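Note that the structure is predicted; figures quoted are calculated from it, not measured.
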Amino acid sequence: MSSYAASKLKDQSLLKFDSYINGEWVKGSKTFAVIDPATGKSLGDVADHGVDETKAAINAASEAFKSFKKTTPKQRHDLLLKLFKLMNDNSDDLASLITLENGKCLTEAKGEVAYSASFLEWFAEEAVRDYGDVIAAPTPGVRNIVVKQPVGVVGLVTPWNFPSAMITRKVAPALAAGCTVVVKSPPETPFSMLAFVELAERAGVPKGVINVVNTASNTKDVGLELTTNPIVRKISFTGSTPVGRLLMKQASSTIKKCSFELGGLAPFIVFGDADIPKAVDGAIAAKFRNTGQTCVCTQFLLVHSSVYQEFADQLVKKVKAFKLGNGFDEGVTHGPIIHNAGVDKVERHVKNAVENGAKILAGGKRAVVPGNENGSWFEPTVLSDMAPCLINEEETFGPIAALYKFETEEEAISLANTAEVGLAGYFYSNDVSRIFRVAEALEVGMVGANTGLVSSTVIPFGGVKQSGLGREGSKYGLQEYTNIKLIAIGSLDA
């Protein structure tokens, strides 16, 4: 255990290093180090498990499902609210774990914990309101009753960029529906997942209902087991589109229900009639949250020629005021990239853009943070005079605001819709007719009109095209974990 990591926690028993299978903490003969991206130092060694442990976790979830599916919605409601309270009671420690393993500043980490806990509260309430239906039959003496039942054992694969919120956004609806789960934790950020499980145990979640397998060296094999094991009836994955394609192909072998929240290349359009200061604030929120490492991050900004310079000047001024540093340090607004491979990609995108004619207005290179020289740092960057380049094709997952110029509404929509993915899109305009017109024309699952933030517990989060399938959060999120069954009762007129 890292003494540095432990020193950041009031309750050090929340810092776990083992997988969690059938209500037991399972050590591994092999381990992998979890690295603090701000310092480059190890936070501790976590059990590195594989297919055998995954099978054991699936079998435990299957056995637990036999009884958990029979619990009432009210019982599951009460269980989730206990866990919700425990997350809030331990919010400071949970936020510290996020900052340690992910790097985001502590203020942002605390916001994530609140967001994460809100899914437990939301789906606790949804559990008791997941109504069925009665459908009038065309035949006398027949009643058609529709009921909803839990899918069964669910395999969950969560990402590192929101190490707490992406857990609850999947686990909460699964448990609310009466499912049991096997989670593959992200090797970059397993501590948030393991702390959540510790709290779930304290809340009284029965053994086998939540299982977690940690792995770094066996990621592909564990993923293959989750997607092909016939006991697992559903897969939910958040990550890149290429990995989503692979998992979907594997899951097709047993016709599993799938929810995939995949990559995005979110456009951000600023029309000539926009309120520029508000548009700049929206761009900051949409582009630089979590140092540009979110799936709904703006990938490129399309700015009308009449306001292009004004927008660029105001954006640069705000970006230059950012404070890059260790998330625990006072006044820090932005943390590191998750690892050096991520820094390499950001650097490659900047270099390619410049080679294609872009100008660097702010940042543009690797950063050195005094006292944290071994961290994974890149300066928040603004590029202007953009032409087609890698940024149009690949999700950067880093702090680059790339400004393109456009002349007409039709041109902006055409440019925004060229991507094969369609998760989120943003635009600013004061023309009410245009707001409806553009919102309906953008080929994305979520639109932010005059706002740079779309995520909340109550909205259906998800995309179209190759950004995935299904929705998370909202009243629609619970349906992803249920099956609809018809019960037709005849001879009632006898």
Side-chain angles (χ1 to χ4, degrees), residues 34-41 98-109 159-163 186 188-189 240 263-266 268 283-301 312 315-329 331-356 358-386 389-403 452:
V34 179
I35 303 300
D36 177 355
T39 65
K41 296 179 181 179
I98 292 172
T99 296
L100 283 166
E101 62 184 352
N102 172 276
K104 65 181 65 175
C105 65
L106 193 57
T107 300
E108 196 168 342
W160 52 260
N161 59 334
F162 286 90
E188 298 89 350
T189 59
S240 72
L265 294 172
F268 188 105
I284 295 293
K287 174 64 256 183
F288 290 103
R289 185 163 59 112
N290 196 19
T291 316
Q293 299 170 108
T294 82
C295 52
V296 291
C297 263
T298 295
Q299 181 70 10
F300 51 93
L301 295 95
L315 181 65
V316 168
K317 183 178 179 180
K318 292 215 168 190
V319 170
K320 286 184 175 180
F322 291 168
K323 183 178 179 180
L324 197 64
N326 191 306
F328 288 107
D329 292 344
V332 166
T333 59
H334 293 79
I337 305 296
I338 189 64
H339 42 49
N340 286 329
V343 176
D344 292 342
K345 185 177 186 181
V346 175
E347 186 175 52
R348 178 166 55 88
H349 277 199
V350 171
K351 182 180 179 181
N352 177 260
V354 171
E355 289 173 348
N356 283 276
K359 296 178 182 177
I360 298 174
L361 301 183
K365 62 183 186 298
R366 292 172 184 259
V368 176
V369 176
N372 297 280
E373 289 82 1
N374 294 321
S376 305
W377 305 102
F378 199 91
E379 295 177 344
T381 298
V382 179
L383 301 176
S384 70
D385 301 320
M386 291 292 297
C389 60
L390 286 175
I391 288 176
N392 299 78
E393 303 168 4
E394 296 179 351
E395 194 172 20
T396 303
F397 243 59
I400 303 174
L403 275 57

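- The two residues P37 and E101 make their nearest non-hydrogen contact at CD-O, 3.5 Å.
- Interatomic distance, OG1 of T333 versus NZ of K318, reported as 12.0 Å (0.5 Å rounding).
- Note: H334 NE2 to F288 CZ = 7.0 Å, rounded to the nearest 0.5 Å.
- A donor-acceptor distance shorter than 3.5 angstrom exists from the side chain of K287 to the backbone of G398, with no hydrogens or angles considered.
- A salt bridge does not link E108 with R289: none of the charged nitrogens is closer than 4.0 Å to a carboxylate oxygen.
- A distance of 10.5 Å separates CG of L265 from CD1 of I391, quoted to the nearest 0.5 Å.
- Looking at Q299 and T396, their side chains come closer than 4.5 Å, going by heavy atoms from C-beta outward.
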Using the rule given for side-chain contact (heavy atoms from CB on, under 4.5 Å), can you reason through D329 versus L106, listing the C-alpha separation, both sets of side-chain angles and the distance that settles it, and then say yes or no? CA-CA 8 Å; D329 292 344; L106 193 57; over 6 Å; no

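- Note that CG of L324 is 11.0 Å distant from CZ of F378, once rounded to the nearest 0.5 Å.
- Contact of the V319 side chain with the T381 side chain is not registered, since no non-hydrogen atoms from C-beta on lie closer than 4.5 Å.
- Judged by distance alone, the side chain of T39 and the main-chain N or O of G375 form no donor-acceptor pair under 3.5 Å.
- In terms of heavy-atom proximity, N161 sits nearest to N290 at O-ND2, 3.1 Å.
- At a cut-off of 3.5 Å, with distance as the only test, a side-chain donor of S376 or N340 sits close to an acceptor on the other residue.
- Taking the side chain as every heavy atom from C-beta outward, I400 and V346 approach each other to under 4.5 Å.
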If you apply the rule side-chain contact (heavy atoms from CB on, under 4.5 Å), what do you find for E393 with L390, and how did you get there? CA-CA 5 Å; E393 303 168 4; L390 286 175; 3.9 Å; yes

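- Shown here for P336 and G325, the closest heavy-atom pair between the two residues is CD-O, 4.4 Å.
- The number of heavy atoms from other shown groups lying within 6.0 Å of NZ (K323) is above 12.
- More than 12 non-hydrogen atoms from other residues, nucleotides or ligands lie less than 6.0 angstrom from NZ of K345.
- Across every non-hydrogen atom of V368 and P370, the tightest pair is O-CD, 3.5 Å.
- The minimum heavy-atom distance between A109 and T99, with the atom names listed, is CB-OG1, 3.4 Å.
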For side-chain contact (heavy atoms from CB on, under 4.5 Å), just list the numbers for I360 and L383, CA-CA rounded to whole Å, side-chain angles, deciding distance to a tenth of an Å, and then say yes or no. CA-CA 5 Å; I360 298 174; L383 301 176; 3.6 Å; yes

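- Although no hydrogens or angles enter the test, the distance criterion places a donor-acceptor pair under 3.5 Å between the side chain of N356 and the main chain of N352.
- Separating the CZ atom in F300 from the SG atom in C389 is a distance of 10.5 Å, to the nearest 0.5 Å.
- Taking NZ of K104 as the reference point, atom CD1 of I98 lies at 6.0 Å (rounded to 0.5 Å).
- What you find for A283 and L301 is that their closest heavy atoms are CB-CD2, 3.7 Å.
- Residues H339 and I35 form no side-chain contact, since every pair of their non-hydrogen atoms from C-beta on lies 4.5 Å or further apart.
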Tell me, with the steps shown, if I338 and F397 meet side-chain contact (heavy atoms from CB on, under 4.5 Å). CA-CA 10 Å; I338 189 64; F397 243 59; over 6 Å; no

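- Put simply, the side chain of N102 gets close to the backbone of W160: a donor and an acceptor are under 3.5 Å apart.
- At a threshold of 4.5 Å between non-hydrogen side-chain atoms, the residues I337 and Q293 count as touching.
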